[in-house]
J.: 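Take a look at the following structure, please.
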Amino acid sequence: MRRLLPSAAAVAALVLTVSACGGGGGETAAPPAQVSDPSKVSGEVTWWDTTRPDSEGPTFQALIKEFQAKYPQVKVNYVNVPSDQAQNQFQTAAQAGTGAPDVIRSEVAWTSQFASLGYLQPLDGTRAVDQPDDFLPGPLSSTKFNGKTYAVPQVTDTLALIYNKRLLKEAGHEEPPKTIAELKQTALDVKAKTGAAGLALNVDSYFLLPFMYGEGGDLLDVANKKIVVNSPANVKAMETVADLISSGAAPKPATTESYANAMTALKEGKAAMIYNGPWALSEIYQGKEFQDKENLGIAPVPAGSVKAAAPTGGWNLAIYAGSKNIPAAYEFVRFMTTAEAQAKIAKEISLLPTRTSAYSNPDVQGNADVAVFKPIMDTAVPRPGSPRAGSSSSRCWRATSRWSAASRGPRTCSRRSTSSTAGS
C-alpha cells in the first residue's frame, strides 16, 4: 500500500535523501595512446542508455546508425536500462569487474560518485572530449572530479511549470501563475471550476528543490561544507508544500511512483499543472490532452518569497575504466556529443544541448519547446556533486522515510548515513 503525505513533516522527510558527502576515490589508469587514424578504429561498444525506450530511444538509436555508418568497424550494442536502476546496476557490475558497459549515460549527480570509486576512465586529452570550451559551464562542471574530467555532457535540463492551457482557461486564468500564492489560487480555481486537480505534485527530492530555492534554501552550504537540509528556509518551503496539499490545491501524492502518477494525471487531463523538465515532453505529447501541442504550456517555476529558481540536471556520457574497447568508446562518446548530434536530439525530442554552438543550429532554433526552456535553463541553480551519492542515499532514504506519529518532525540521518561536511 502506498503511504501518503499527511503533513509537512512527511514532506520534509523526502528531501533528506541528500547523501553523505566526502572525499576519497580510486585511481584510474592513464588514457591509452591516441590512434593515428580514428576512422580505422575497430571494436565493440556496449552502451547503457537511460532514456525512455518508446518516446526517446528511437532518436538515439538513429544516431547509433549514423555512427556505425561513419565507423563501420565498430559495432554498438544498444542496451536500454531504466534510469532508476542504472546507477545501482552499473556500480554492482563495475565492483564485480564483469557486466559493466563500455559507455554509460550517467546522470550528472552520479558522475563524481563513479569517478571517486575508480570506475570511470579519465578523459582529459583524449578523443572523447572535443572542443571543451564549447560546452556550457554548468554541464561541463558536472563532469569533473578532483580536477580531472571523467565524462562528456550530453544533454542538460531543469524544471519548469508545465500546464494544460485549456483547464487553466476554463478556470478563468489566461496566464500561468508566477508566484506560489498564485499557484495555490490557480490550482484551487481549476479544482472548483473543472473538477480536475489543480497541481499534481511529484515529491521525489529533485522536484522539491524549486520550493526550497524559492525560500532561499538549498541542500548544501558549499562554502562552509555543510548539509543544511533542516534550515529555516527549507522548513518554510516544506510548510508551503504541505499547505498546497492541505488546502486542496494539490491532492495527496503517494511517496512512491509520484512521478508516474503526476505524469499520467497531466496527460489524461486529470491535473492541470505539474513540475517537470524537457525530457518529459515527448511522453506528454503522447497523452490525449496534448495531441494538439498548442494546449501545452511551459513557464518558469513560480517564485517563493525569495526568488524563482529550479535545479540544473542533465546526463553525461562516461566510459568504464575496465572497458576493453577504450579507443572505440572514445569515438562513440565524441560522436554522440557533437553539436550536430545534440541538434538532432533537440529537434526530435526537445532535450537541451550542452554545447553553446548547438543553439545556433536552425533545427534547435526552430524547436519551440527548447526556445522556452533555454532562458529557464540560464537561471537554473547548479547542484554540487556528491562522490558518495549512491552508497549512502539508500540508507538515508530508509532513515528519513520513517517517522512516528508522535514526533513533530522527520528523523534525520544518522552520522553514519550523512556527514556534516560536503565535498573533499
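Treat the numbers as computed from the prediction; the structure is a model and nothing was measured.
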J.: Heavy atoms, side chains only, cut-off 4.5 Å: are Y320 and P101 in contact?
T.: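 When only atoms from C-beta onward are counted, P101 and Y320 do not touch, as no gap falls below 4.5 Å.
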J.: Does a donor on one side chain sit under 3.5 Å from an acceptor on the other, for N276 and N202?
T.: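 N276 vs N202: no donor-acceptor pair found between side chains.
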J.: Kindly say whether V229 contributes a backbone atom to a donor-acceptor pair with the side chain of N234 at under 3.5 angstrom?
T.: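 Indeed, once roles are kept as given, a pair shorter than 3.5 Å links the two residues.
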J.: Scan side-chain atoms only and decide if N325 and E44 contain a donor-acceptor pair under the 3.5 Å cut-off.
T.: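 No, no side-chain donor-acceptor contact under 3.5 Å.
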J.: Could you give the distance from CD1 (I104) to CG (L317), rounded to the nearest 0.5 Å?
T.: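 Reported to 0.5 Å precision, the distance equals 10.0 Å.
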J.: Just so I know, are the side chains of S205 and L208 near enough to count as touching, which here means a heavy-atom distance under 4.5 Å?
T.: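 Of all side-chain heavy-atom pairs linking L208 with S205, none is under 4.5 Å.
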J.: Looking only at the side chains, is there a donor atom on one of D130 and T338 sitting less than 3.5 Å from an acceptor on the other?
T.: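 Side-chain D/A pair, D130 to T338: absent.
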J.: Counting heavy atoms not belonging to K144, are there more than 12 under 6.0 Å from its NZ?
T.: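 Counting neighbours around NZ of K144, more than 12 heavy atoms of other residues, nucleotides or ligands fall under 6.0 Å, so yes.
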J.: Could you pull out all residues at least two apart from P300 that satisfy side-chain contact (heavy atoms from CB on, under 4.5 Å)?
T.: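 Expected list: I376.
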J.: Whether R105 engages the ring of F60 as a cation-pi pair (distance to the six-membered ring centre under 6.0 angstrom, angle to the ring normal within 45°) should be assessed.
T.: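 Output yes; distance and angle both within limits.
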J.: Looking at K288 and E268, is there a salt bridge between them, counting it only when a charged N and a carboxylate O are closer than 4.0 Å?
T.: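 A salt bridge is absent here (no side-chain N lies under 4.0 Å from a carboxylate O).
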J.: Is a side-chain donor or acceptor of Y359 paired with a backbone partner of P353 at a separation under 3.5 angstrom?
T.: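 Yes: the side chain of Y359 pairs with the backbone of P353.
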J.: Identify the heavy atoms of A151 and A318 that sit nearest to each other, and give their distance.
T.: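 Minimum heavy-atom separation between A151 and A318: CB-CB, 4.0 Å.
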J.: Check the pair Y275, Y163 against ring-ring contact (aromatic ring centres under 6.0 Å, His included), reporting the backbone distance first and the verdict last.
T.: CA-CA 9 Å; Y275 283 28; Y163 62 97; over 10 Å; no
J.: Given the side-chain rings of F207 and Y259, with only the six-membered ring counted for Trp, is the space between their centroids under 6.0 Å?
T.: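 Ring centroids of F207 and Y259 are less than 6.0 Å from each other.
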J.: Rounded at 0.5 Å granularity, tell me how far NZ in K165 sits from CD in E175.
T.: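 These two atoms lie 9.5 Å from each other.
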J.: With a 6.0 Å cut-off (strictly less than), is the heavy-atom count around NZ of K374, excluding the residue itself, greater than 12?
T.: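 Yes, because the 6.0 Å sphere around NZ of K374 holds more than 12 heavy atoms from other groups.
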J.: May I ask you to decide if A329's main-chain N or O and D102's side chain share a donor-acceptor pair within less than 3.5 Å?
T.: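 No; judged by distance alone, with no hydrogens or angles, the pair does not exist.
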J.: If we ignore hydrogens and angles and just use 3.5 Å, is the side chain of D124 paired with the main-chain N or O of T149 as donor and acceptor?
T.: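 Yes.
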J.: If every non-hydrogen atom of A272 is compared with every non-hydrogen atom of L266, which pair is closest and at what distance?
T.: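 Where A272 meets L266 most closely, the heavy atoms are O-CD1, 3.7 Å.
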J.: Shortest non-hydrogen contact from L161 to P176?
T.: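 Nearest heavy atoms, L161 then P176: CD2-CB, 4.3 Å.
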J.: Indicate the atoms forming the closest heavy-atom contact of F135 with P153, along with that distance.
T.: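 What the structure gives for the nearest pair is CE2-O, 3.5 Å.
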J.: Below 4.0 angstrom, N of the basic side chain to O of the carboxylate: do E348 and K344 qualify?
T.: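 Salt bridge between E348 and K344, a charged N being under 4.0 Å from a carboxylate O: yes.
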J.: Under the ring-ring contact (aromatic ring centres under 6.0 Å, His included) test, which residues partner F332, sequence neighbours left out?
T.: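 W47, F67.
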J.: Quick one: pull up OG1 in T50 and CG in N80 and give me the separation to the nearest 0.5 Å.
T.: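 T50 OG1 to N80 CG: 7.5 Å, rounded to 0.5 Å.
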J.: Show your reasoning for whether side-chain contact (heavy atoms from CB on, under 4.5 Å) applies to T186 and L168.
T.: CA-CA 7 Å; T186 300; L168 259 65; 4.0 Å; yes
J.: Apply side-chain contact (heavy atoms from CB on, under 4.5 Å) to the pair I349 and L281, showing each step before the final yes or no.
T.: CA-CA 7 Å; I349 52 178; L281 297 179; over 6 Å; no
J.: Could you tell me whether the side chain of N164 and the main chain of M273 form a donor-acceptor pair under 3.5 Å?
T.: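 No; zero donor-acceptor contacts below 3.5 Å.
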J.: Quick one: does I180's side chain get under 4.5 Å of F211's, heavy atoms only?
T.: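 Side chain of I180 against side chain of F211, heavy atoms only: contact under 4.5 Å found.
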J.: Give a yes-or-no answer on whether the side chains of K236 and S305 include a donor-acceptor pair shorter than 3.5 Å.
T.: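 There is such a pair between these side chains.
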J.: If you define the side chain from C-beta out and look only at heavy atoms, does anything of L199 sit under 4.5 Å from L183?
T.: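 Touching, per the 4.5 Å side-chain cut-off.
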J.: For the OG1 atom of T240 and the CE atom of M212, what is their distance to the nearest 0.5 Å?
T.: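 T240 atom OG1 to M212 atom CE measures 12.0 Å (nearest 0.5 Å).
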J.: Establish, from distance only, whether the side-chain atoms of Q286 and Q291 form a donor-acceptor pair under 3.5 Å.
T.: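 No pair is found: no donor N or O on one side chain lies under 3.5 Å from an acceptor on the other.
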J.: If we only count heavy atoms from C-beta on, is the P311 to V381 side-chain gap below 4.5 Å?
T.: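 A side-chain contact is absent here, since even the closest heavy-atom pair is not under 4.5 Å.
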J.: Ring centroid separation for F335 and Y330, is it under 6.0 angstrom?
T.: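 So the answer is no for these two rings.
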J.: Measuring from I162:CD1 to L296:CG, what's the distance to the nearest 0.5 Å?
T.: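 Rounded to the nearest 0.5 Å, the CD1-CG separation comes out at 6.0 Å.
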J.: Under the side-chain contact (heavy atoms from CB on, under 4.5 Å) criterion, do I345 and T59 qualify, and how do the steps go?
T.: CA-CA 7 Å; I345 293 167; T59 294; 4.2 Å; yes
J.: Distance only, no hydrogens: is a donor on one side chain within 3.5 Å (strictly under) of an acceptor on the other, for T111 and N316?
T.: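 Note: T111 and N316 side chains meet the donor-acceptor criterion.
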J.: Could you check Y150, W48, Y119, W315 and say which one makes a ring-ring contact (aromatic ring centres under 6.0 Å, His included) with W110?
T.: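 The option that passes is W315.
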J.: Name all residues meeting the ring-ring contact (aromatic ring centres under 6.0 Å, His included) criterion together with Y213; count only those two or more places apart in sequence or in a different chain, and write none if there are none.
T.: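 For Y213, no residue satisfies ring-ring contact (aromatic ring centres under 6.0 Å, His included) once neighbours in sequence are set aside.
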J.: Under 3.5 Å, is there a donor-acceptor pair linking the side chains of Y78 and D49?
T.: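 Short answer, yes.
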J.: Is it true that a side-chain atom of T92 and a backbone atom of Q89 form a donor plus acceptor pair closer than 3.5 Å?
T.: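 Not at all, since once roles are kept as given, no pair shorter than 3.5 Å links the two residues.
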J.: Indicate yes or no for a side-chain donor-acceptor contact from D204 to the backbone of Y206 under 3.5 Å, with no hydrogens or angles considered.
T.: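 It does not hold such a pair.
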J.: When you measure from the side chain of E107 to the backbone of A109, do you find a donor-acceptor pair of N or O atoms at a distance under 3.5 Å?
T.: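 Yes; judged by distance alone, with no hydrogens or angles, the pair exists.
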J.: Do K293 and Y285 form a cation-pi contact, if we require the NZ or CZ to be under 6.0 Å from the six-membered ring centre and within 45 degrees of the ring's axis?
T.: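 Yes, K293 and Y285 form such a contact.
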J.: Return yes when atom CD of Q85 has more than 12 non-hydrogen atoms of other residues, nucleotides or ligands closer than 6.0 Å, and no otherwise.
T.: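 Above 12, so yes.
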J.: Check step by step if side-chain contact (heavy atoms from CB on, under 4.5 Å) holds for V103 and T46.
T.: CA-CA 6 Å; V103 178; T46 295; over 6 Å; no
J.: Any carboxylate oxygen within less than 4.0 angstrom of a Lys/Arg side-chain nitrogen, looking at E289 and K267?
T.: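 Between K267 and E289 there is no salt bridge, as every charged N stays at least 4.0 Å from the carboxylate O atoms.
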J.: Sub-3.5 Å donor-acceptor pair from the side chain of T158 to the main-chain atoms of M377, do we have one?
T.: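 No; judged by distance alone, with no hydrogens or angles, the pair does not exist.
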J.: Distance-only, no hydrogens or angles: does the Q91 side chain make a donor-acceptor pair with backbone N or O of Q87 under 3.5 Å?
T.: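 Pair absent, no side-chain N/O of Q91 close to backbone of Q87.
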J.: Would you say Q154 and Q342 are linked by a side-chain donor-acceptor pair, where the criterion is simply a distance under 3.5 Å?
T.: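 Not at all, the side chains of Q342 and Q154 share no donor-acceptor pair under 3.5 Å.
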J.: Evaluate the side-chain proximity of L120 to I319: yes if any heavy-atom separation is below 4.5 Å, no if none is.
T.: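 No - every pair of side-chain heavy atoms lies 4.5 Å or more apart.
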J.: Is a salt bridge present between K70 and E331, judged by a nitrogen-to-oxygen distance below 4.0 Å?
T.: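 Looking at E331 together with K70, the answer is no, because their closest N to O distance does not fall below 4.0 Å.
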J.: Any side-chain heavy-atom pair from W279 and L351 closer than 4.5 angstrom?
T.: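 Yes, close enough: below the 4.5 Å cut-off.
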J.: Working to the nearest 0.5 angstrom, can you tell me the gap between T179 OG1 and K184 NZ?
T.: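 The distance works out to 11.5 Å.
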J.: Heavy atoms only: give me the nearest A271-A196 pair and the separation to one decimal.
T.: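 Nearest pair, atom of A271 first, then A196: N-CB, 4.4 Å.
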J.: Under 4.5 Å between any side-chain heavy atoms of I64 and Q68, yes or no?
T.: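 With C-beta onward as the side chain, the pair touches.
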J.: Between D134 and R355, does any side-chain N to carboxylate O distance fall below 4.0 Å?
T.: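 Looking at D134 and R355, the cut-off is met.
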J.: Under a 3.5 Å threshold, yes or no: a donor from one side chain and an acceptor from the other, between D221 and N224?
T.: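 Yes, because at least one side-chain N or O of D221 sits under 3.5 Å from a partner of the opposite role on N224.
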